[in-house]
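Structure first, commentary second.
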There are 2 protein chains.
Amino acid sequence: MLVLPIERFILPTPQTKLQVPRISDAVASALERRILEGSLKPGDRLPPERELSLELGVSRPSLREAIQKLASKGMVQSRQGGGTYVTDRLESSFFDPWQDMMGAHPNLREDMLEFRRMLEGQAAEWAAERATEADLTRLDQAFATLAEAFAADDLERRSSADIAFHQAVGEASHNALVGHLSAALLRLMQDNIRLNLGELKSIPAAGSLLMGQHAAIHAAIRERKPQAARAAAETHIDFVRETLAQSLRSAARRETAARRLNTDFSPSTIS
Amino acid sequence: MLVLPIERFILPTPQTKLQVPRISDAVASALERRILEGSLKPGDRLPPERELSLELGVSRPSLREAIQKLASKGMVQSRQGGGTYVTDRLESSFFDPWQDMMGAHPNLREDMLEFRRMLEGQAAEWAAERATEADLTRLDQAFATLAEAFAADDLERRSSADIAFHQAVGEASHNALVGHLSAALLRLMQDNIRLNLGELKSIPAAGSLLMGQHAAIHAAIRERKPQAARAAAETHIDFVRETLAQSLRSAARRETAARRLNTDFSPSTIS
DNA sequence: GAGACATATTGGTTTGACCAATTTACCATT
DNA sequence: AATGGTAAATTGGTCAAACCAATATGTCTC
């Protein structure tokens with residue numbers, strides 16, 4: 001087991017009095033950093049307390065004090081016998097208000113896609129510039145999982161693997177905001193799509209195209225070509241945007257047709 | 001010794017999952033109540049941990065977890081060997097998780113500035129492309145207000161005018177996400193700066209430079225030069241970033257100097 | 001009375017143990 | 001083969017006792 005000592009020296013203890021740094025603060029801060037950096041994502045379960053205390057080189061009570069601190073800030077959540085899980089307060093604090101607005105104002109979706117085009121482009125560019133070996137490994141893995149899910153045609157796994165892949169890119173960009181925001185936005189959109197369009201099966205051959213775009217992003221980052229990575233990410237979003245618009249149009253057509261049928265034959269059936 | 005058992009039944013554990021009440025939560029909330037009721041006034045010292053744990057009928061580790069929770073909320077403050085004291089300021093808790101993250105992890109500030117550089121650059125570019133006449137009018141007005149506030153040297157008005165100006169740019173970009181995010185991030189940073197650096201008066205001639213940068217952004221948008229607008233916005237953020245870093249360095253220098261003075265002449269004067 | 005030193009107090013940390021809830025694996029029943 | 005239940009392993013929750021280090025307090029000396 002690798003033992004990585006906690007930094008205890010000049011932790012920013014904002015108290016005015018002269019304070020000896022508490023080890024629980026150091027631990028809490030270390031865990032916070034892992035969450036910020038993305039190595040601990042919302043929904044993840046942290047290692048068991050005994051294990052984690054070994055890994056961090058502190059005793060279990062100290063680790064527990066740190067966890068309690070994070071729990072009181074709402075960043076983690078523990079269940080006896082179950083484990084301790086990372087919550088998504090960071091992301092939700094930015095996007096709780098947006099959740100319901102998306103449904104009410106469809107043109108927000110267009111704004112969102114435009115925003116994501118910028119965000120994911122930048123994320124890919126930075127990732128190509130800055131990714132460490134560990135980042136690349138994680139990216140490979142996420143890509144492999146994504147390919148599997150696509151091959152298996154498992155919508156649920158595909159969706160979560162998609163999020164994981166984009167999250168890995170965001171993580172490799174080494175900017176906490178980019179990582180959390182892109183993940184949050186993607187999740188938001190997927191929920192919204194699932195809500196408004198059923199399973200989006202209306203797109204027949206999109207699968208292989210999407211997979212090719214993901215591969216292009218992955219390759220450009222691996223080969224450390226920032227501009228190519230940005231271009232690939234933007235192409236990807238452009239494709240999603242176009243496909244989505246098309247799918248919406250056809251859905252609207254179907255709906256009007258259905259409505260016409262309704263009004264013609266059974267006007268009382270409101271649905 | 002009076003033993004008053006802690007109520008453990010239906011403590012308001014806001015977690016969504018089915019949760020067994022933790023004893024440390026019960027203790028924390030019991031202490032909180034004492035503080036709110038006034039039996040523990042700000043400045044008071046709580047009983048020693050060993051004593052208090054007896055009194056409450058819980059073990060010392062559990063009591064400590066509770067105290068750590070309160071400490072992370074800023075309600076109490078402990079000094080090794082000294083004791084645990086009730087803090088005098090109760091209403092200091094900022095509930096935005098990003099806010100205290102910024103304080104605890106300084107590199108997050110850098111991420112934030114990097115992100116803002118992208119965001120505000122894009123906002124300015126889009127604003128230059130898309131602003132309607134109404135947008136431009138609003139922008140003119142925001143700029144005028146900002147100039148006034150700068151001239152009057154009113155920090156409070158200046159800060160809110162600053163936010164309003166960037167918000168106007170965001171609105172003119174005609175992307176709801178850009179507008180809200182850039183405003184939210186600016187507000188977040190301003191709060192953080194005010195918190196960590198006092199009033200940031202340490203920057204002497206920055207005022208006119210900042211004003212010039214705002215003018216450049218304004219002009220480029222008005223003349224509908226997207227690239228120039230983006231460049232101006234990026235220059236603005238670069239300047240803020242550099243100035244902030246410099247100011248932080250000098251603050252650190254001042255602090256070390258003060259510490260040296262302390263250790264030289266009056267080592268007993270802690271605060 | 002002022003300063004220095006010894007002692008007691010008090011929070012900080014660790015070790016080790018046991019309990020209780022949950023999860024997991026396995027097995028028998030249908 | 002699917003289902004249901006039970007036992008074992010896992011994991012957070014709690015406690016006890018001990019030692020360390022910083023602080024506070026009392027005492028002693030000059």
Side-chain angles (χ1 to χ4, degrees), chain A residues 3 5-9 11 13 15 17-31 44-72 75-87, chain B residues 3 5-9 11 13 15-31 43-72 75-87 266-271:
Chain A
V3 174
I6 301 288
E7 314 160 20
R8 293 191 60 178
F9 16 97
L11 282 164
T13 319
Q15 332 297 49
K17 283 278 188 181
L18 206 60
Q19 287 273 31
V20 173
R22 279 174 290 272
I23 204 173
S24 59
D25 280 330
V27 172
S29 179
L31 292 178
D44 278 0
R45 188 171 102 173
L46 10 137
E49 293 185 349
R50 294 161 175 81
E51 216 173 286
L52 198 52
S53 68
L54 273 183
E55 183 184 343
L56 295 172
V58 302
S59 71
R60 195 153 86 97
S62 297
L63 171 63
R64 278 184 59 78
E65 284 182 7
I67 289 181
Q68 297 295 336
K69 269 184 215 206
L70 295 188
S72 87
M75 301 191 56
V76 301
Q77 207 167 323
S78 309
R79 277 194 353 272
Q80 178 174 167
T84 301
Y85 292 81
V86 180
T87 58
Chain B
V3 173
I6 300 289
E7 315 160 22
R8 294 191 62 177
F9 16 98
L11 283 162
T13 319
Q15 332 299 47
T16 55
K17 279 279 188 182
L18 220 55
Q19 287 274 29
V20 172
R22 280 175 290 272
I23 205 173
S24 59
D25 280 330
V27 172
S29 121
L31 292 178
D44 279 1
R45 190 172 97 170
L46 349 160
E49 293 186 350
R50 297 163 227 279
E51 216 173 287
L52 197 53
S53 69
L54 274 182
E55 183 183 342
L56 295 172
V58 303
S59 73
R60 195 152 87 97
S62 298
L63 171 64
R64 279 184 58 78
E65 284 183 7
I67 290 182
Q68 297 295 337
K69 271 184 209 198
L70 296 187
S72 87
M75 301 189 61
V76 301
Q77 206 166 325
S78 310
R79 278 195 352 272
Q80 176 173 168
T84 301
Y85 293 82
V86 179
T87 311
S266 55
S268 64
T269 306
I270 296 183
S271 140

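Everything quoted here is computed from the prediction, not taken from an experiment. Sequence lines set the chain letters: A, B, ... in the order given, protein chains first and strands last, and positions in each chain run from 1.
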> Starting at the 5' end of DNA chain C, which residue's closest nucleotide do you reach first, B/Pro48 or B/Pro61?
Replying inline: B/Pro48

> So, do A/Leu63 and A/Leu56 sit near enough that their side-chain heavy atoms are less than 4.5 Å apart?
Replying inline: yes

> Want to settle it: does B/Ser59 or B/Arg45 sit nearer the 5' end of DNA chain D, counting the closest nucleotide to each?
Replying inline: B/Ser59

>> Tell me whether the side-chain N/O atoms of B/Arg64 come closer than 4.0 Å to OP1 or OP2 in C/dG12.
In response: yes

>> Rounded to whole Å, how long is the line connecting atom CG of B/Asp25 with atom C1' of D/dG12?
In response: 13 Å

>> Using heavy-atom distances to pick each residue's nearest nucleotide on DNA chain C, tell me which of A/Glu65 and A/Gly81 is more 5'.
In response: A/Glu65

> Given D/dA24, is OP1 or OP2 found less than 4.0 Å from the side-chain N or O atoms of B/Arg79?
Replying inline: yes

> Quick one: is C/dT14 close enough that its OP1 or OP2 comes under 4.0 Å of any side-chain N or O from A/Ser62?
Replying inline: yes

> Could you state the CG-C1' distance from B/Leu63 to D/dC15, rounded to the nearest angstrom?
Replying inline: 13 Å

> In whole angstrom, what separates A/Leu54's CG from C/dT13's P?
Replying inline: 18 Å

> What pair of heavy atoms forms the shortest contact from B/Ala66 to B/Val27, and how long is it?
Replying inline: CB-CG1, 3.5 Å

>> With a 3.5 Å distance limit and no angle check, can you tell me whether A/Arg45 reaches the backbone of A/Val86 through a side-chain donor-acceptor pair?
In response: no

> In whole angstrom, what separates A/Gln68's CD from D/dG12's P?
Replying inline: 12 Å

> Rounded to the nearest Å, what distance is computed from the CZ atom of residue B/Arg50 to the C1' atom of nucleotide C/dT13?
Replying inline: 11 Å

> A/Glu49 has an atom CD; how far is it from atom C1' of D/dT14, in whole Å?
Replying inline: 11 Å

>> Main chain of A/Glu49, side chain of A/Ser53: is a donor-acceptor contact present, judged purely on distance under 3.5 Å?
In response: yes

> Roughly how many Å is it from CG in A/Leu46 to P in D/dG12, rounded to a whole number?
Replying inline: 8 Å

> If you round to the nearest 0.5 Å, how far is CG of B/Leu70 from NZ of A/Lys69?
Replying inline: 11.0 Å

> Checking only heavy atoms, does the side chain of B/Gln80 share a donor-acceptor pair with the base of C/dG11 at less than 3.5 Å?
Replying inline: yes

> Within this structure, what is the CD-to-P distance between B/Glu51 and C/dG11, rounded to whole angstrom?
Replying inline: 9 Å

